[in-house]
Amino acid sequence: MTALVPLVVLIPLLGAATALTLGRRPRAQRIVTVLALTAVLAIGAVLLWAVDSQGALVMEVGGWAAPFGIVLVVDRLSALMIVVSALVLLAVLVFSIGQGLADGDDETPVSIYFPTYQILAAGVFTAFIAGDLFNLYVGFEILLVSSYVLITLGGTEPRIRAGVTYIVVSLVSSMIFLASIAMIYGAVGTINIAQISVRMADIPVDVQIILHIMLLVAFGIKAAVFPLSFWLPDSYPTAPAPVTAVFAGLLTKVGVYAIIRTETVIFPGTELNPVLMVVALLTMVVGVLGAVSQADIKRMLSFTLVSHIGYMILGVALGSAIGTAAAIYYIVHHIIVQTTLFLAAGLIERQGGTTSITKLGGLLKAAPVIAVLFFIPALNLGGIPPFSGFIGKVALFQASAEQGTALAFVLIGAGALVSLLTLYALIRVWNMAFWRPAEDVEGYESTLLDNVSEAPGRTAVKETRTIPRLMIAATAGMVVASLALTVFAGPLYDISARAGENLEGPGQYVQLVFPQGGADD
């Protein structure tokens with residue numbers, strides 16, 4: 001079974017190489033990319049079943065045991081993230097194929113789009129299975145290179161400007177991460193995550209705190225936590241709709257995943273947990289305040305993305321198995337639902353010619369299917385029962401209440417308020433874009449539009465386009481997946497709870513990588 005572990009990275013890389021050689025055969029490129037991601041989804045499902053029923057898997061690359069060789073580790077958290085990420089990547093791929101068939105190669109030139117897309121997937125999966133900090137860094141760098149290509153597709157001025165901002169910020173994060181790796185190696189003599197966990201206890205506390213903060217800053221930039229989230233709302237909305245959707249669903253979650261590993265394995269103490277709780281609070285509040293002030297749907301969704309990262313950081317900051325379990329469940333929920341909303345926003349843009357709610361109206365009558373595809377995930381993200389967003393928030397609030405501190409109860413109140421404000425922002429989109437008659441758009445005045453701002457540097461140009469069935473089908477499939485999170489909430493939360501128990505202390509992870517001992521040698 002361990003032989004399957006490296007395939008989740010090798011298959012997308014081989015698929016990218018194959019697609020690149022088929023640059024003049026777009027249909028073959030599409031087939032290769034779909035088959036590659038479908039294979040990874042199937043392998044991920046097998047790995048999830050295996051690790052949940054039989055225990056985590058450790059692959060020693062080249063037969064070299066840790067710490068001298070590279071180890072790839074798949075536990076419940078890794079396997080769950082692989083399955084969800086592969087599902088999202090496949091759904092967005094189908095969406096982009098439909099868009100490409102309808103519009104040609106202007107938005108997603110197939111000669112580079114499909115190879116780059118698979119390289120992005122390989123970077124995501126590399127980060128999830130890395131057993132050492134350097135290979136985690138390699139995964140991030142693969143993500144950086146491929147995402148810069150994807151975010152600037154089309155070569156328009158706003159995309160190039162957003163791409164420059166994105167890559168500068170990402171490079172700063174990468175430099176901080178690389179400096180952290182060098183300092184950790186200098187302090188403990190290894191970059192193997194399990195061995196770092198054992199040896200870090202012998203390092204002076206002040207040095208531990210410095211190293212801890214450096215890793216959190218590096219990962220916090222990638223996860224877009226406040227105040228390191230300034231780059232995201234200006235970067236994501238400018239990209240093509242499928243690129244924005246996959247970025248919103250996955251890239252920040254890789255940063256959150258790295259934070260979870262940092263807090264549960266490398267630095268399992270509670271010294272910085274209060275700081276993380278304050279960061280979670282500020283991320284939730286500042287993000288949602290940005291969302292309610294936006295007239296552009298994609299920009300509003302980008303701010304809600306930042307805001308809901310705060311819920312995940314809250315679960316991690318609680319420092320308990322139940323808090324980590326709630327965070328894992330909420331990550332899965334948010335990947336699916338946030339991606340679905342961005343896909344629905346892409347459909348709205350094609351149908352209405354814009355994503356500005358000041359220019360949209362009458363979509364409920366003109367496109368009732370799109371109305372349903374937006375409405376369901378909007379309620380889910382807003383935390384309306386019985387959807388998975390409600391279940392995840394309740395689990396986080398219960399974990400906070402069990403901690404019982406004053407700050408934890410403040411976060412419960414803030415989380416409930418943020419959920420209501422998220423729902424307000426989404427329902428305002430519904431009222432303006434779908435419910436309002438099209439003939440009332442010009443000269444329309446409403447308190448719902450008071451104090452909202454358009455996306456900076458862009459004008460609302462109405463250019464309607466046909467909507468291919470593949471785009472509808474991909475979005476509908478994601479809506480079904482979001483509903484499945486509710487229908488199968490019990491089994492999913494049970495897996496998350498078992499993953500949280502595995503992460504309660506670093507001992508289990510260390511035992512996996514060093515079954516014969518010797519981590520402190």
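All values derive from a computational prediction rather than experimental measurement.
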Aromatic ring proximity, centroids under 6.0 angstrom, Tyr166 and Tyr148: no
Short question: side chain of [X], backbone of [Y] - any donor-acceptor pair under 3.5 Å?
{"X": "Asp132", "Y": "Ile191", "value": "no"}
{"X": "Ser307", "Y": "Phe303", "value": "no"}
{"X": "Gln338", "Y": "His333", "value": "no"}
{"X": "Gln208", "Y": "Met200", "value": "yes"}
{"X": "Gln118", "Y": "Gly15", "value": "yes"}
{"X": "Tyr311", "Y": "Gly415", "value": "yes"}
{"X": "Glu504", "Y": "Ala321", "value": "no"}
{"X": "Asn135", "Y": "Ala130", "value": "no"}
{"X": "Ser197", "Y": "Val265", "value": "yes"}
{"X": "Thr2", "Y": "Leu57", "value": "no"}

Could you tell me whether the side chains of [X] and [Y] share a donor-acceptor contact shorter than 3.5 Å?
{"X": "Ser388", "Y": "Asn380", "value": "yes"}
{"X": "Glu263", "Y": "His212", "value": "yes"}
{"X": "Ser78", "Y": "Arg261", "value": "yes"}
{"X": "His308", "Y": "Thr422", "value": "yes"}

Nearest 0.5 Å, what's the [atom1]-[atom2] distance between [X] and [Y]?
{"X": "Leu178", "Y": "Tyr137", "atom1": "CG", "atom2": "OH", "answer": "4.5 Å"}
{"X": "Tyr329", "Y": "Lys393", "atom1": "OH", "atom2": "NZ", "answer": "10.5 Å"}
{"X": "Leu314", "Y": "Ile412", "atom1": "CG", "atom2": "CD1", "answer": "8.5 Å"}

Can you see which heavy atom on [X] is nearest to which on [Y], and at what distance?
{"X": "Ile142", "Y": "Ile119", "value": "CG2-O, 3.2 Å"}
{"X": "Ile129", "Y": "Val5", "value": "CD1-O, 3.9 Å"}
{"X": "Tyr117", "Y": "Leu93", "value": "OH-N, 3.5 Å"}
{"X": "Leu80", "Y": "Ser496", "value": "CD2-OG, 4.2 Å"}
{"X": "Met214", "Y": "Ala179", "value": "CE-CB, 4.0 Å"}
{"X": "Asn192", "Y": "Thr190", "value": "N-OG1, 3.1 Å"}

What I'd like to find out is whether the side chain of [X] reaches to under 4.5 Å of the side chain of [Y], using heavy atoms alone.
{"X": "Val164", "Y": "Thr152", "answer": "no"}
{"X": "Ile495", "Y": "Arg498", "answer": "yes"}
{"X": "Leu343", "Y": "Thr340", "answer": "no"}
{"X": "Leu22", "Y": "Thr18", "answer": "yes"}
{"X": "Ile97", "Y": "Val34", "answer": "yes"}
{"X": "Leu41", "Y": "Leu37", "answer": "no"}
{"X": "Leu318", "Y": "Ser400", "answer": "yes"}
{"X": "Val243", "Y": "Pro240", "answer": "yes"}

So Arg299 and Asp234, salt bridge (charged side-chain N to carboxylate O under 4.0 Å, His left out) or not? Walk me through it. CA-CA 8 Å; Arg299 190 169 169 83; Asp234 291 327; 2.6 Å; yes
Please state whether the rings of Tyr330 and His334 are parallel, tilted or perpendicular, taking 30° and 60° as the class boundaries. parallel
Should the ring pair Phe219 and Phe177 be called parallel, tilted or perpendicular, given that the plane angle runs from 0 to 90° and is split at 30 and 60? perpendicular
Quick one: do Thr126 and Leu136 satisfy side chain to side chain contact (heavy atoms under 4.5 Å, CB included)? Show the steps, please. CA-CA 7 Å; Thr126 298; Leu136 180 60; over 6 Å; no
In sequence, state the C-alpha distance, the side-chain angles, and the governing distance for Phe125 and Leu89, and then conclude on side chain to side chain contact (heavy atoms under 4.5 Å, CB included). CA-CA 11 Å; Phe125 300 136; Leu89 285 162; 3.8 Å; yes
Ring of Tyr236, cation from Lys298 - is the NZ or CZ under 6.0 Å from the centre and inside 45° of the axis? no
Can you name the residues that form a side-chain hydrogen bond (donor to acceptor under 3.5 Å, both in side chains) with Ser174, not counting sequence neighbours? Glu141
Side chain to side chain contact (heavy atoms under 4.5 Å, CB included) between Leu72 and Val61: does it pass, once the steps are laid out? CA-CA 7 Å; Leu72 307 177; Val61 178; 3.9 Å; yes
For the pair Leu211 and Leu215, evaluate side chain to side chain contact (heavy atoms under 4.5 Å, CB included) and give the outcome as yes or no after the intermediate values. CA-CA 6 Å; Leu211 298 175; Leu215 284 181; 5.9 Å; no
